[in-house]
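Here is the structure we will look at, set down as C-alpha cells.
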Number of protein chains: 2
Amino acid sequence: MPTIRDVSQLAKVSQATVSRVLNGTVPVSPIKRAAVLEAIAQLGYQPNAFARSLATNRSRAIGALVSELSSAVYGDIVRGIEAVVEARGLHMVVSSGHARSDLERRSFAFLKERRTDALIVQVDATSEGELATWVRQSGLPVVVVGRHIPAIAERCVYLDNVAGGALATRHLLERGHRRIAHIAGLMRITDARDRLTGYRQALAENDLPFEDVLVAEGGFVEDGGYRAMLQLLERDAGFTAVFAANDQSAAGALKALRETGLRVPDDISLVGFDDLLIAHYLFPALTTVIQPFAEMGQAAAWLALTALGIDDDKEVTRRFDPVLVERDSVAAP
Amino acid sequence: MPTIRDVSQLAKVSQATVSRVLNGTVPVSPIKRAAVLEAIAQLGYQPNAFARSLATNRSRAIGALVSELSSAVYGDIVRGIEAVVEARGLHMVVSSGHARSDLERRSFAFLKERRTDALIVQVDATSEGELATWVRQSGLPVVVVGRHIPAIAERCVYLDNVAGGALATRHLLERGHRRIAHIAGLMRITDARDRLTGYRQALAENDLPFEDVLVAEGGFVEDGGYRAMLQLLERDAGFTAVFAANDQSAAGALKALRETGLRVPDDISLVGFDDLLIAHYLFPALTTVIQPFAEMGQAAAWLALTALGIDDDKEVTRRFDPVLVERDSVAAP
DNA sequence: ACTCTCCGTGAAACCGCTTTCAGGCATTGT
DNA sequence: ACAATGCCTGAAAGCGGTTTCACGGAGAGT
C-alpha cells in the first residue's frame with residue numbers, strides 16, 4: 001500500500017507538498033500540483049486515516065450511541081444522523097446500549113476511547129445527572145437526543161411530549177369523546193410521564209376530571225398494551241376512546257379490542273404515538289402522533305457538527321413539535 | 001490527556017514496559033506491572049486508538065456497508081453484526097449504499113480508506129462480478145451477506161431463496177390450492193429470480209403448469225404489490241392463493257384484496273416472504289417465510305473474524321435454510 | 001567457580017501523516 | 001537598481017503508540 005512518501009518521490013516533491021495538495025491548506029503551484037495528482041492516480045494512493053488522525057488529533061468520525069441499532073423506534077434516528085454525517089464526508093461509528101445503564105456506560109467509554117470527534121447519545125437508562133456529566137466533562141461535544149434535560153438544554157434534541165399527549169387527547173375530544181382512557185408508557189421514562197401530563201392537561205382544558213380508573217400502564221410494549229386494554233375493559237368505566245402512549249401498546253390494545261368483539265373505530269376510537277412503520281400497517285390504520293425521528297437525528301448531527309466548527313452556525317431546531325396524522329382508527333362516539 | 005510517556009515516567013519504567021503490560025504480549029515482573037497499573041489508574045490513562053492503529057496497522061474495527069441502515073429489512077443484519085463484533089471488543093463503522101451502485105462504490109472506498117480490518121457488505125445494486133473483485137482484490141477480508149455468488153461462495157452468507165420460494169408455494173399446495181398466483185420481486189435482484197424459481201419448482205413437483213397469467217411483478221414494494229394484485233384480479237385467472245415475493249408487496253396485495261371486498265384467508269390465501277415486523281401486525285397476520293437476518297449478520301461477522309484470525313475457526317453456517325411461520329392468512333380453498 | 005541460557009527491560013527505530021520554520025525566488029515599490 | 005514583501009517549498013520535528021534489538025543479571029549445567 002503506497003504511502004505519502006512514495007507519492008512524493010514519484011512526483012519529485014516533498015511530502016509536505018503532497019500533504020498540501022491533499023488538504024488544500026496552502027496554495028501549491030499548478031505544475032507541482034499536477035505532478036502530485038498524477039502520482040496519486042498512478043499509485044492508487046489512499047491516505048492512511050490513522051496517521052492523519054494521529055497527526056491532527058481528529059478522527060473525522062462521530063460516534064452514535066443508541067438504545068437499539070435499527071429498531072423500529074430508534075432506527076430512524078441513526079439514519080438521520082448518518083445522512084448528515086456522511087454528507088460531510090465523515091464517518092459514523094455506532095454502539096448500542098440496550099436500555100441498560102451498565103451497557104450504556106460501557107459503550108460511552110468505548111466510543112470515547114475510540115476518539116470520535118463528537119458523540120450523539122440516545123439512551124434510556126442513564127440518569128439525567130449522569131448525562132449532564134457526560135455532556136460537560138467528557139472533553140468532546142456530546143449531544144443528547146430524545147431527552148430534555150434542562151441543565152444541558154442547549155445540547156438536547158427532543159420532542160415536546162407534553163404537547164404530544166395533549167394533541168392526541170385533544171383530537172379525541174374534538175371528535176366528541178368525553179370519556180377517554182389512557183394506556184400509559186413505562187413510567188420511569190420521562191416520555192411516558194410527559195405524555196400522561198399532556199393527557200391530563202387536555203382534559204383539564206375541557207373541564208373534564210382526571211380519573212384513575214381510566215388509566216392503565218402498558219409499559220410501551222405490545223403485550224403490555226394488550227393487557228392494559230383488557231384491564232380497562234374489565235373496569236367497565238364506559239370510555240369511548242383510548243389514547244395509547246405509543247404505537248406498540250396501541251397495537252396490543254387493538255388486538256384486545258378485536259378479540260373482545262369491539263370494533264375500531266365504530267365502538268372505540270384509538271390514537272397511538274410515534275408513527276412507527278406498523279401504524280400504517282395495522283388494521284384499521286392507526287391515527288397517531290408523529291415523532292420525527294429522522295429529523296431529530298439530523299438535528300442532533302448538525303448540533304454536533306456545529307460544536308465542532310465543521311458546520312456553519314445554522315439555526316438548529318432542538319425542540320420538535322408533535323404532529324398528528326389521521327388514519328382510520330378514530331371516529332365520533 | 002495523558003500519554004503512555006506520562007504513565008511510564010510516573011511508574012518509573014520505560015514506555016515499552018507500559019505497552020507490554022497494556023497488551024500482555026510479553027511477561028512483565030509483578031512489581032513493575034503493579035506500578036504501571038497504579039500509574040494508569042491514577043492518571044486515568046486511555047491509550048490513543050490512532051497511535052495504536054498506526055503502529056499495528058490494525059484498527060480493531062470492522063466496517064459494515066448495508067443498503068439501508070436500520071430499515072425494517074436490513075436493520076437486523078446490522079444488529080447481528082454488531083452483537084458479535086462488540087462482544088469481541090471491536091467497533092463497527094457503518095455506511096449505507098441505498099441500493100445505488102454509485103453510492104455503494106463510494107461507501108466501499110470510504111470504508112476501505114478508513115482502514116477497517118474487515119468489511120461486511122450487503123448491497124443490492126453492485127454486480128456479482130464487481131463484488132467478486134471486491135472480495136478478492138481489496139486487500140482485506142470482505143464478506144458478502146444476502147447474495148450467493150458462486151465464484152466467492154466461501155465469503156457469502158445467504159438464504160436459500162429457491163428453497164424459500166418452493167417452501168411457500170408448497171405450503172399453499174399442501175392446503176389444497178391448485179391455482180396459485182405469484183407477485184414477483186424486483187427481477188434484477190437475484191433473490192427475486194430465485195424465489196420465482198422456487199415457485200416454479202414447487203409447481204412442477206406437483207405436475208402443475210407454470211402460467212404467465214398467474215405472475216405479476218410487485219417490485220418488492222408495497223405499492224407494487226398493490227398494483228400487481230389488482231392486475232392479477234383483473235386477469236380473472238381464477239386463482240385461490242397468492243405467494244408474494246416479500247412481506248411489503250404482500251401488505252400491498254392485502255390492501256388491494258380488502259378494497260376489492262375479498263377476504264383473506266376465506267376467499268384468497270396469502271403467503272409473504274421475509275417475516276418483517278409488519279407481518280405480525282398485518283390483519284390478518286401474515287403467514288410468511290422467515291429470513292433470519294440477525295443470524296445471517298452474526299454469521300457474516302464470524303466469518304470476518306475468522307478471516308482475521310481473531311475467532312477460532314468455528315464452523316459458520318453460510319447458507320441458511322428458510323422456515324415458514326404460519327399465521328392467519330392461509331386457509332384451504 | 002565459570003560458562004551458557006533465558007528472561008525481563010530500556011533505548012531507539014519505526015508507523016504515515018501534518019505542520020512549523022526558515023529559506024529561496026520572483027514581484028513590487030521607490 | 002536595490003530593498004522589501006510575499007509566496008512556495010523542503011527539511012525536520014512531532015503525534016502516541018508498538019516492536020526490534022541488545023544488554024545485564026539471575027539461574028542452570030558441568
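Every heavy atom of this structure was used, including side-chain atoms; hydrogens, water molecules and symmetry mates were not. Here is the naming used below: chain letters follow the sequence lines, and residue numbers restart at 1 for every chain.
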Fill in: Donor-acceptor pair under 3.5 Å, B/Arg115 side chain vs C/dG16 base
no
Discussion item. On the side chain of B/Arg33, is there an atom forming a donor-acceptor pair with the base of C/dG8 - under 3.5 Å, no angle test?
Written reply: no
Whole angstrom is fine here: how far is it from [atom1] in [X] over to [atom2] in [N]?
| X | N | atom1 | atom2 | answer |
| --- | --- | --- | --- | --- |
| A/Leu54 | D/dG17 | CG | C1' | 8 Å |
| A/Arg60 | C/dT18 | CZ | P | 11 Å |
| B/Asn57 | C/dG16 | CG | C1' | 10 Å |
| B/Gln46 | D/dC15 | CD | P | 19 Å |
| B/Asn48 | D/dG16 | CG | P | 7 Å |
| A/Arg58 | D/dC15 | CZ | P | 18 Å |

Taking the side chain of [X] as heavy atoms from C-beta outward, which of [options] is closest to it?
| X | options | answer |
| --- | --- | --- |
| A/Val13 | C/dC17, C/dG8, D/dG10 | D/dG10 |
| B/Val28 | C/dT18, C/dT9, D/dC8 | C/dT9 |
| B/Gln15 | D/dG17, C/dG10, C/dC15 | D/dG17 |
| A/Tyr45 | D/dG17, C/dC17, C/dT9 | C/dC17 |
| B/Ser19 | D/dT18, C/dG16, D/dG17 | D/dT18 |
| A/Val26 | D/dT9, D/dC8, D/dG14 | D/dT9 |
| A/Lys32 | D/dT9, D/dG16, C/dG10 | D/dT9 |
| B/Ala16 | C/dG16, C/dA12, D/dG10 | C/dA12 |

Discussion item. Quick check: closest heavy atoms across A/Asn48 and A/Tyr45, and the distance to 0.1 Å?
Written reply: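 Taking A/Asn48 first and A/Tyr45 second, the nearest heavy atoms are N-OH, 4.5 Å.
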Item to complete: List the atom of B/Glu86, the atom of A/Ser107, and the distance in Å for their closest heavy-atom pair.
Response: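 Heavy-atom minimum between the residues: OE2-OG, 3.9 Å.
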Phosphate OP1/OP2 of [N]: any [X] side-chain N/O under 4.0 Å:
| X | N | value |
| --- | --- | --- |
| A/Arg52 | C/dT18 | yes |
| B/Ser29 | C/dT9 | yes |
| A/Thr56 | C/dT18 | no |

Worksheet item: With a non-hydrogen cut-off below 4.0 angstrom, is B/Thr3 in contact with a base, only sugar-phosphate, or nothing?
Response: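 Sugar-phosphate contact only.
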Worksheet item: With sugar-phosphate meaning primed atoms plus P, OP1 and OP2, does A/Asn23 contact a base, only sugar-phosphate, or nothing at under 4.0 Å between heavy atoms?
Response: sugar-phosphate
Worksheet item: Do B/Ser8 and B/Gln15 have a side chain donor and acceptor closer than 3.5 Å?
Response: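 Judged by distance alone, the side chains do not pair up.
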Practice prompt. In sequence, state the C-alpha distance, the side-chain angles, and the governing distance for B/Arg79 and B/Asp76, and then conclude on salt bridge (Lys or Arg N to Asp or Glu O under 4.0 Å).
Written response: CA-CA 5 Å; B/Arg79 208 200 313 225; B/Asp76 279 342; 3.1 Å; yes
Discussion item. Checking side chain to side chain contact (heavy atoms under 4.5 Å, CB included) between A/Val28 and each of A/Thr17, A/Val18, A/Val13, A/Leu22, which is the one that passes?
Written reply: A/Thr17
